[in-house]
Amino acid sequence: MIQTWTRSLAAQVIGLILTALLVAQAMTFVISWNEHSKALDSAAKSEFFSRARTLTRLVNEAAPPFRQQVLTASETGDSRFWITEWEAANAPAWRLEAVKQFARPLENYVDLVRVFEGGEAVAQIPNAKKVASSNHGEDWRTPFQELWALPQPVKYTYFDGARGYGMVVKLDDGRYLNLAFYMKKGSWWTSTSLRSLVLTALVLAVIGVLIGSRIARPLKSLAIAAEALGRGENLPPLEEKGPEEIRRTAAAFNQMQARLHRFIDDRTKMLAAIGHDLRTPLTSLRLRTEFVKDEQIQQKMQATIEELQSMTEAAIAFARGESTEEETRPIQLEALVGSICDDQEDLGNPVTFVRAAKITYRCRPDGLRRAVRNIVENAVRYGGEAKVTILQTKATVDIVVEDRGPGIPEEMREKVFAPFFRLEASRNKQTGGIGLGLAIARAVARQHGGDIVFISKNIGMRTIISLPRHDNGDPERPLSKRTWNLRALVERARRGRRVKPVSP
């Protein structure tokens, strides 16, 4: 749930809207509930005094045999009436008597609300212990004349805090009419308010989804385009639509993409022009060496010129290889790697390819082919053999090349990616190239959003071209223990942790 909240913009918008709704409802309740309670209390008291006056007149005018019938017919779920021969002088004792009267079942009253809702008619009964302990020290009170306006003497009191009212009226015949009213415990949370809150929340949630989708859709397109641009793909400009902030973001991305492509094109053209311009003086130098009479000096000069020309052409090829002119398209990755290994085997090199399941991968095939070939050739040249494996994880596709050579010292593993850098000090082509193979391989891997890492073994080394996956891929086959160990090593190397040498 927390991951959904942190990852989804729509979920955050909905959550904030619902939180605002709950806070607004709570504030409204806090502000209005006190006034609402006061209004209900005043209305209940006014209605109670009005009924007390009416019953006093009826009971005074009714014949004694019919008085109890009048009282019984007038009782409701929250009121009780009875006549006593004596005056209740003790207010606490009268409160307990009122509790007993509320425990008495009604004869003629039907709670229509509860009946229609399917429940039983249940009267409000005050708690005897609570009534006995509350209103301590309060005695009888005399109401204002405006509230009573009858000649009969009257007094009243509260019980159970202010929820209950009690009155004692002296009738004309000397008896005493007792009236008790117990206010039902009101609830601010009803089924109607619940339905209203749920309906409001649903409407706001739908609005939140629409708002979140409207904001997230162009941001998602921007994220996809940025990822593709990082892999070196040529993309059409993003549509500049939506809110002002989104339009400005899309416009800034389009400008950045255009500037990057223009920068790469300008650099490639500049290097091509430099290479073209260098060919003329190199050719001139080669011609001048023909006039050197010392044959040994002549050969050294020609070798130097040839090396300069090779370095120039390699530098131009390296710059062109970093450009993004090649189209990105889906290929069968195991077929591409397998064909490279087959070509090496045809040349007599000890290269083994561990066949894997078919993997469809979106890349620039020529560039990736060149990178894999450089790594495999390095493994054969310096390690004596190459064993190539393709591993799949949830996030990456890893091309692992193993050899049995001396490996690369840990302090030199970053330097070997620098252009024209060689561990072997001489420039003899028989012992190595001119130092661009690994630089080109890493440039290609990073253009695809990946990288190259080295892992030492007890004998030899593993070189891993790690590429990001762009989909969920096919279900993976059960993996051997060795393959799982390779995966763990790749993950640790990718995170920059120190990896201990492992057995072959």
Side-chain angles (χ1 to χ4, degrees), residues 332-357 359 365 367-392 396-417 421-442 444-445 450-467 479-494 499-504:
Q332 293 295 324
L333 184 60
E334 82 289 345
L336 183 143
V337 177
S339 66
I340 296 172
C341 296
D342 293 340
D343 292 342
Q344 292 295 318
E345 286 183 312
D346 293 340
L347 295 174
N349 295 325
V351 177
T352 304
F353 177 55
V354 180
R355 296 290 172 180
I359 304 173
L368 187 58
R369 180 187 298 274
R370 187 179 185 186
V372 175
R373 185 173 62 244
N374 288 350
I375 298 297
V376 172
E377 288 178 350
N378 277 357
V380 172
R381 181 180 297 116
Y382 301 109
E385 65 176 16
K387 184 177 181 180
V388 184
T389 308
I390 299 178
L391 301 180
Q392 297 185 66
T396 63
V397 176
D398 300 322
I399 303 172
V400 182
V401 180
E402 302 177 77
D403 62 58
R404 300 179 67 85
I408 300 175
E410 188 169 352
E411 65 275 8
M412 305 297 291
R413 290 183 180 178
E414 188 63 29
K415 294 181 179 179
V416 295
F417 291 110
F421 181 86
R422 290 184 56 189
L423 289 174
E424 199 270 326
S426 71
R427 289 291 171 179
N428 190 347
K429 291 187 177 181
Q430 301 299 323
T431 60
I434 60 174
L436 281 176
L438 288 177
I440 292 173
R442 171 178 266 191
V444 171
D451 207 342
I452 297 178
V453 294
F454 299 114
I455 299 176
S456 296
K457 302 192 302 179
N458 288 340
I459 301 177
M461 186 180 65
R462 293 189 179 107
T463 305
I464 302 159
I465 303 176
S466 184
L467 304 172
L479 301 177
S480 64
K481 183 177 180 180
R482 177 180 179 277
T483 304
W484 279 115
N485 291 337
L486 276 176
R487 279 192 174 185
L489 290 171
V490 171
E491 290 296 330
R492 294 184 64 183
R494 187 182 297 112
V499 181
K500 297 180 180 180
V502 296
S503 58

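Reckoned from all heavy atoms, side chains included, excluding hydrogens, waters and symmetry mates. Computed from a predicted structure; not experimentally measured.
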Inset, instruction - Please check if any side-chain donor atom of Asp451 sits under 3.5 Å from a side-chain acceptor atom of Ser466, or the reverse. - result: no
Inset, instruction - For the pair Glu414 and Arg442, find out whether any cationic side-chain nitrogen is under 4.0 Å from an anionic carboxylate oxygen. - result: yes
Legend entry - From CD1 (Ile459) to CD (Glu402), nearest 0.5 Å: 12.5 Å
Legend entry - Euclidean distance, Ile390 CD1 relative to Arg355 CZ, rounded to 0.5 Å: 9.0 Å
Legend entry - Considering all heavy atoms, the nearest Val416-Arg413 contact: CG2-O, 3.4 Å
Legend entry - Separation of Leu438 CG from Ile375 CD1 (nearest 0.5 Å): 5.0 Å
Listed pairs under 3.5 Å, donor-acceptor, residues 337-347 side chains, sequence neighbours left out:
unit_1: Ser339; atom_1: OG; unit_2: Ala335; atom_2: O; d: 3.4
unit_1: Ser339; atom_1: OG; unit_2: Leu336; atom_2: O; d: 2.7
unit_1: Ser339; atom_1: OG; unit_2: Arg369; atom_2: NH1; d: 3.1
unit_1: Gln344; atom_1: OE1; unit_2: Asn349; atom_2: ND2; d: 2.7

Legend entry - Straight-line distance of Phe454 CZ to Glu410 CD, nearest 0.5 Å: 12.0 Å
Inset, instruction - Please examine the side chains of Arg370 and Ile440, heavy atoms only from C-beta on, and report whether any two atoms are closer than 4.5 Å. - result: yes
Inset, instruction - Could you check if a side-chain atom of Val401 sits within less than 4.5 angstrom of a side-chain atom of Asn378, using non-hydrogen atoms only? - result: no
Inset, instruction - Indicate the atoms forming the closest heavy-atom contact of Leu368 with Leu333, along with that distance. - result: CD2-CD1, 3.7 Å
Legend entry - Any residue meeting salt bridge (Lys or Arg N to Asp or Glu O under 4.0 Å) with Arg373, in chain and number order, not counting sequence neighbours: none
Inset, instruction - Calculate, to the nearest 0.5 Å, the distance between atoms OH and CD belonging to Tyr382 and Glu377 respectively. - result: 10.5 Å
Legend entry - Partners passing side chain to side chain contact (heavy atoms under 4.5 Å, CB included) against Pro350 (at least two apart in sequence or in another chain): Val380, Glu385
Inset, instruction - Check for a donor-acceptor pair, side chain of Asn374 on one end and backbone N or O of Gly437 on the other, with a separation under 3.5 Å. - result: yes
Inset, instruction - Check each of Thr396, Val400, Ile399, Ile452 against Ile464 using the side chain to side chain contact (heavy atoms under 4.5 Å, CB included) test, and report the only one that passes. - result: Val400
